Amino acid sequence: MDTLTELLERYATLRDTILGLEAERDELGAQIKAALLEGEHAETDLYRATLKASRRVEYPLDRFREVFGDAAALEVATIDRRRADALVKAGDLDGERLRDLAVVKETQALVLQPKTR
């Protein structure tokens with residue numbers, strides 16, 4: 001049976017290895033995404049790299065405050081989409097005016113598609 005010190009040493013080794021691998025993976029992913037955004041293609045025998053777009057709706061605080069006032073801005077402090085939508089459902093905010101404020105942010109995620117489908 002391993003001692004607690006030995007378990008801790010192994011745990012620390014694994015954690016440090018994982019952190020190093022994750023940092024390398026993130027750097028490689030950033031390089032691959034940049035190349036794909038420039039129109040390049042990448043694939044191996046098993047995988048094809050693609051980009052998957054995702055969108056997030058946000059409301060700019062200054063404009064939200066101008067349209068709905070200080071009290072509403074404080075009510076949704078971070079202008080969380082779900083909380084703002086809840087205020088629309090409750091009738092406290094005008095849904096159409098809220099949609100006009102919306103800013104959609106798009107991000108790209110690297111996806112490895114198996115080629116053996």
Side-chain angles (χ1 to χ4, degrees):
M1 180 172 182
D2 293 328
T3 68
L4 187 55
T5 300
E6 291 169 334
L7 294 174
L8 177 59
E9 282 180 15
R10 180 68 181 147
Y11 176 85
T13 299
L14 291 172
R15 187 207 57 185
D16 293 346
T17 301
I18 290 169
L19 290 175
L21 291 172
E22 287 175 340
E24 181 179 0
R25 179 203 59 204
D26 292 346
E27 176 59 31
L28 291 171
Q31 290 176 19
I32 293 168
K33 281 197 284 188
L36 293 176
L37 285 169
E38 291 177 3
E40 294 187 45
H41 301 283
E43 62 182 67
T44 68
D45 289 341
L46 298 176
Y47 297 104
R48 178 177 297 109
T50 61
L51 293 176
K52 178 182 174 186
S54 63
R55 293 185 169 94
R56 188 175 79 220
V57 174
E58 296 179 351
Y59 305 104
L61 179 59
D62 55 341
R63 295 217 36 239
F64 185 94
R65 196 169 148 223
E66 286 174 18
V67 173
F68 296 112
D70 291 340
L74 287 173
E75 182 72 26
V76 293
T78 61
I79 317 301
D80 178 271
R81 178 181 178 195
R82 288 173 294 195
R83 293 173 77 189
D85 289 343
L87 289 175
V88 169
K89 284 182 183 176
D92 294 333
L93 297 180
D94 180 330
E96 187 174 323
R97 292 176 74 192
L98 182 63
R99 278 187 296 282
D100 290 342
L101 281 178
V103 174
V104 177
K105 301 224 174 171
E106 186 171 292
T107 59
Q108 301 290 334
L110 178 61
V111 177
L112 296 180
Q113 294 180 325
K115 292 170 59 176
T116 57
R117 283 188 178 190

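Side-chain atoms are counted along with the backbone in the values below, which use heavy atoms only and exclude waters and symmetry mates. These figures come from a predicted structure and were not determined experimentally.
Remark: R97 qualifies as a cation-pi partner of F68 under the 6.0 Å distance and 45° angle criteria applied to the six-membered ring.
Criterion: ILVMFWY side-chain heavy atoms under 4.5 Å apart, direct or through other members. Under it, L14 and L21 are not part of a common hydrophobic cluster. Note on L61: it does not cluster hydrophobically with V103, by side-chain heavy-atom contacts below 4.5 Å among ILVMFWY residues.
Residue R10 places its CZ atom among 12 or fewer non-hydrogen atoms of other residues, nucleotides or ligands, all under 6.0 Å distant. The number of heavy atoms from other shown groups lying within 6.0 Å of CD (E96) does not exceed 12.
Partners of R99 by salt bridge (Lys or Arg N to Asp or Glu O under 4.0 Å), not counting sequence neighbours: none found. For L46, the side chain to side chain contact (heavy atoms under 4.5 Å, CB included) partners two or more places apart in sequence, or in a different chain, are T44. For D2, the salt bridge (Lys or Arg N to Asp or Glu O under 4.0 Å) criterion is met by no residue, not counting sequence neighbours. In this view, E58 and R56, K105 satisfy the side chain to side chain contact (heavy atoms under 4.5 Å, CB included) rule, not counting sequence neighbours.
Once rounded to the nearest 0.5 Å, the distance linking CG of L8 with CZ of R15 reads 9.0 Å. Atoms CD1 and OG1, from I18 and T13 in turn, are 11.0 Å apart once rounded to the nearest 0.5 Å. With values rounded to the nearest 0.5 angstrom, L87 atom CG is found 11.5 Å from K89 atom NZ. Note that the CD atom of Q113 and the CZ atom of R48 stand 6.5 Å from one another [nearest 0.5 Å].
Contact record, D100 with R63: O-NH1, 4.4 Å, taken as the closest heavy-atom pair. Between A42 and L36, the shortest heavy-atom distance links the atoms N-CD2, 4.2 Å. Closest of all the heavy-atom pairs between F64 and L93 is CZ-CD1, 4.0 Å. The two residues R83 and E75 have their closest heavy-atom pair at NH2-O, 3.1 Å.
Residue pairs meeting the side chain to side chain donor-acceptor pair (under 3.5 Å) criterion with at least one member in residues 28-41, sequence neighbours excluded: E27-Q31. Residue pairs that meet the salt bridge (Lys or Arg N to Asp or Glu O under 4.0 Å) test with at least one member in residues 65-74, sequence neighbours left out, are R65-D70.
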Inset, instruction - For D85 and L98, run side chain to side chain contact (heavy atoms under 4.5 Å, CB included): C-alpha distance rounded to whole Å, both residues' side-chain angles, the deciding distance at 0.1 Å, then the answer. - result: CA-CA 9 Å; D85 289 343; L98 182 63; 4.0 Å; yes
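Contact check for L51 versus L37: side-chain heavy atoms found under the 4.5 Å cut-off.
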